[in-house]
Amino acid sequence: MASSVPRLRFAPSPTGYLHVGGGRTALFNWLYAKKYGGQFLLRVEDTDKARSTDESTRAIFEGMEWLGLQWDEEVVHQGANLERHRADALRMLANDTAYRCFCTQEELAGRRAEAEAAGGSFKYDRRCDRLDAAEIRRRVDAGVPFTLRFRVPEGSTSWDDLVHETIAFPNKDIEDFIVLRADGTPIYNLAVVSDDIAMRITLVMRGDDHISNTPKQIMLYRALGADLPGFAHLPMIHGMDGKKLSKRHGATAVGDYQHLGILPGAMRNFLALLGWAPGNDIEMMSTAQMIELFDTKGLQRKAAVFDMKKLEWMNGQYLMQMPIDELKSRVTPALSAAGLAVEDQSDAWYSTLLELLRVRSRTVDEMVAQARPYFGDAVEIQAGPMAKHWKDRPAAASILSAVRDALGALGTWEPATMEEALRGVAVALGYGDKAGKLFQPMRVALVGTDVSPGIFEVLELLGRDRSLARLDSAISLLSLN
RNA sequence: GGCGGUAUCGUCUAGGGGACUAGGACACGGCCCUCUCAAGGCUGGAACACGGGUUCGAAUCCCGUUACCGCUACCA
C-alpha cells in the first residue's frame, strides 16, 4: 500500500491554453486532495519540445490561479526528468521487460500502410525480439539506432476504476509499444509512469481519453516494481453538438471565460457540476461546500455538454449574491478598462449603481455595458428605442417638456416626490394612471435606451443637473424637425 | 476495421428492484408582480435508445442490437 495521504496531480501539456476540460479535471483533483487532506500537484508535460511553449505554460498557470486552484508543491517540469525516464527504460531492458527494436520509422510506416491497405490493422510483429544475442550485439556495435520496446506479457490487464467499475484489456490487443525513442527520449506513457512513481502519486484522476493508456501504464508500473496508484477516468466535455469541445464551439480556454466577464467562483461551481453531482438537488455551492460534498460516488460516466446558457445564469446568481465589496473588486477594473471613471464618484453612489445593475446582469461585461449611461454628461441615444418611443416627435417633445418643467420645479430630488409629481403630469396630460406613457420616452432621453432600472432610480443616480440637461437636449433634438 | 467506454427531458442531472402518475436546475411557453428590463413567485410542455431475459415487480441487474465518444504514432 502506498502512502496514506492522497497525492494527486494535474498534468497538462503546454501546447495551447488551459482548456475547460483540463480546468475541470484539475478542479476534481484539487477537490479530492482538499477533501481528504492530501496534496495536489501540478506537472507540466513538456517533453514534446516541438509543440510546447513557455507562453502556454504561463497560460496554464494563469488559468489555474484564476480558478483558484493552488498546487501544493513546486511545479514539476517533465522535461527536467529525462535522465530518470531514460534510466527507467534501461532498467526495463536490464530486467528483460523491454527489448531493442531496430526497425526504422519508415519500415514501420510502410508495414502499417500495407496492413491497412489489406483491410487489417497493424500490430508490431516482434521481429526484433526474435533476434539472437550475437546479432543484437553486432548491430549495437555497428551503431545501428534502436528504440526500446516494452514486451507485453500474456494475459489481461485490469483495474477497478473509481468512476467506471472494472475495466479489462486483453493483452493480446496491445502491441509491444515503444518506451524510449531512438534518440534516447521517453515516450509519453513511460514519462508519465516514471514521474507518477517519483511524485508518489496515489490517485491518477484524468480524462476518459486516457483509458486505453492505462493498461500500458499498469504494465510499466509492474515492470518497474512500483505500487499501483488508483485510477479515476473522468468523462469528456462536449460542445452543444455532442462533439468534443473545440475551437469551433467558441470559447474553450479558461481564460476566455475570464475575459467574457465570468467570475471564478461561478466557473468553479459550473465546472464542478459537469460530470459530478452531490445529490439532493444541490447546485449552488461555495467552494467550501464543494470540498465538503465531493465524493467520487457522484462522478458521472457520461460525457457532459458545456451549456453556456447555464454558466451565464449561474454567473448571474453569483453577481447577485456576492458581497458588494467583492463585487466592486471585480467590476471596478472592468469599468476602468472601458474608460468609465469610478474614482470620480462617491462610494455610496457607486454602491447604488452596482446594486441596481447586478440583478440585471449575467456577466461583468454586461454590467459594464449597462453602466455606461451613468458616466459622463452626454448619452448616446439608440436608434431603435428612439424610433419606438419618440415616434410622434411633437408629442414626445411636449411630454418631455412637461416632465422637465415638473421636475425642474421640484425643491428636492427624491424618488417619492418625483413620482408624485410625474404621476400628476400623466393625469394632466390625459394619460390617467398610465404613467408609463411618460416613462418610456423619458428613459430614452435619460439613458439612451428603453431598458434600465426604475425611472426614479435612474433620475436619482443621474442627479438633478444631468437629468435636466439630458431632458433639455432631448427636447431640442426633437424640436429640430 | 480492432479494442475500450457510454446511453434518463433540448442541456446539466437525481435515481442504485417496489417510495416513479420518473424529481430538481438551465433553456423554452403562460400567468402574477410592474414605468421598461431584470429579479422573484406560480405554472405548462418535455426523458428512462431499442429488443430480449432475470424477478411477484426493472429507469435501476444480465445479454444482444443500435448510436455516440475515445484510443489504435519513435504526439501528449
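All values reported here derive from a predicted model rather than from experimental measurement. Chain letters run A, B, ... following the sequence lines, proteins first and then strands; every chain starts at 1.
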Listed partners of Asp173(A) passing side-chain hydrogen bond (donor to acceptor under 3.5 Å, both in side chains), at least two apart: none

Set of residues satisfying side chain to side chain contact (heavy atoms under 4.5 Å, CB included) with respect to Pro415(A), sequence neighbours excluded: Met418(A), Phe456(A), Glu460(A)

Asn171(A) (side chain) donor-acceptor with Thr157(A) (main chain) under 3.5 angstrom: yes

Mate of A7(B) where both pairing distances stay under 3.5 Å, Watson-Crick or G-U: U66(B)

Touch class at under 4.0 angstrom, heavy-atom based, for Asp209(A) against every strand present: sugar-phosphate

Sidechain N-carboxylate O distance under 4.0 Å for Arg111(A), Glu107(A): yes

Sugar-phosphate, base or nothing in reach of Asn213(A), heavy atoms under 4.0 Å: base

Separation of the P atoms in C31(B) and C69(B), to the nearest angstrom: 41 Å

Partner nucleotide of A19(B) by Watson-Crick or wobble geometry (both distances under 3.5 Å): none

Sugar-phosphate, base or nothing in reach of Pro453(A), heavy atoms under 4.0 Å: base

Six-ring centre of Phe146(A), Arg139(A) cation under 6.0 angstrom, axis tolerance 45°: no

Closest-nucleotide 5' rank along RNA chain B - winner of Glu175(A) and Ala11(A): Glu175(A)

Pairwise C1' distance for A7(B) and A59(B), with rounding to whole Å: 12 Å

Residue pairs passing the salt bridge (Lys or Arg N to Asp or Glu O under 4.0 Å) test where at least one lies in residues 359-372 of chain A, sequence neighbours excluded: none

Sugar-phosphate only, base, or nothing, as touched by Arg51(A) at under 4.0 Å among non-hydrogen atoms: base

Polar pair under 3.5 Å, donor/acceptor by atom type, side chain Lys310(A), base A25(B): yes

P gap between G53(B) and U60(B), integer Å: 15 Å

Base-pairing mate for G1(B) - Watson-Crick or G-U, with both contacts under 3.5 Å: U72(B)

C1' gap between C33(B) and A39(B), integer Å: 11 Å

Which residues share a side chain to side chain contact (heavy atoms under 4.5 Å, CB included) with Met386(A), sequence neighbours left out: Ile381(A), Trp390(A)

Any residue meeting side chain to side chain contact (heavy atoms under 4.5 Å, CB included) with Arg464(A), in chain and number order, not counting sequence neighbours: Trp413(A), Leu468(A)

Residue-level proximity of residues 41-49 of chain A to RNA chain B when a heavy atom falls under 4.0 Å: Glu45(A), Thr47(A), Asp48(A)

Touch class at under 4.0 angstrom, heavy-atom based, for Ser13(A) against every strand present: sugar-phosphate

Give each protein N/O atom lying under 3.5 Å from an N/O atom of nucleotides 3-9 of chain B, with the pair distance.
from  : atom 1 : to        : atom 2 : distance (Å)
U8(B) : OP2    : Lys302(A) : NZ     : 2.9

Pairing partner of A14(B) (Watson-Crick or G-U wobble, both distances under 3.5 Å): none

Write down the protein N/O and nucleotide N/O pairs, taken from nucleotides 38-46 of chain B, whose separation is under 3.5 Å; answer none if there are no such pairs.
from   : atom 1 : to        : atom 2 : distance (Å)
A38(B) : O2'    : Val359(A) : O      : 2.4

Sugar-phosphate, base or nothing in reach of Gly275(A), heavy atoms under 4.0 Å: sugar-phosphate

Touch class at under 4.0 angstrom, heavy-atom based, for His238(A) against every strand present: sugar-phosphate

Interface with RNA chain B, restricted to residues 280-287 of chain A and to heavy atoms under 4.0 Å: Asp281(A), Glu283(A)

Touch class at under 4.0 angstrom, heavy-atom based, for Cys103(A) against every strand present: base

Contacts of Thr287(A) that satisfy side chain to side chain contact (heavy atoms under 4.5 Å, CB included) - sequence neighbours left out: Trp30(A), Arg268(A), Ile291(A)

P spacing across the pair G23(B) / G45(B), given as an integer number of angstrom: 11 Å

Derivation of the side-chain contact (heavy atoms from CB on, under 4.5 Å) call for Leu422(A) and Met442(A): CA-CA 11 Å; Leu422(A) 293 190; Met442(A) 275 177 75; 3.7 Å; yes

Pair Asp176(A) + Arg151(A): basic N to acidic O under 4.0 Å: no

P-based separation of G2(B) from A46(B) [nearest Å]: 40 Å

Residue matched to G40(B) through Watson-Crick or wobble contacts both under 3.5 angstrom: C32(B)

P-based separation of A25(B) from A14(B) [nearest Å]: 15 Å

5'-most by nearest nucleotide on RNA chain B - Pro186(A) or Leu273(A): Leu273(A)

Ser398(A) versus Ser401(A), side-chain donor and acceptor atoms under 3.5 Å: no

Set of residues satisfying side-chain hydrogen bond (donor to acceptor under 3.5 Å, both in side chains) with respect to Glu355(A), sequence neighbours excluded: Arg358(A)

Test item: side-chain donor near acceptor, Asn213(A) and His210(A), under 3.5 Å: yes

C1'-based separation of C9(B) from C35(B) [nearest Å]: 38 Å

Nucleotide forming a Watson-Crick or wobble pair with A59(B), both distances under 3.5 Å: none

Sugar-phosphate, base or nothing in reach of Ala304(A), heavy atoms under 4.0 Å: sugar-phosphate

Distance flag, aromatic centroids of Phe61(A) and Trp71(A), threshold under 6.0 Å: yes

Pairing partner of C48(B) (Watson-Crick or G-U wobble, both distances under 3.5 Å): none

Which atom pairs, one a donor and one an acceptor, fall under 3.5 Å between side chains of residues 294-306 of chain A and the rest of the protein, sequence neighbours left out?
from      : atom 1 : to        : atom 2 : distance (Å)
Asp295(A) : OD1    : Lys297(A) : N      : 3.2

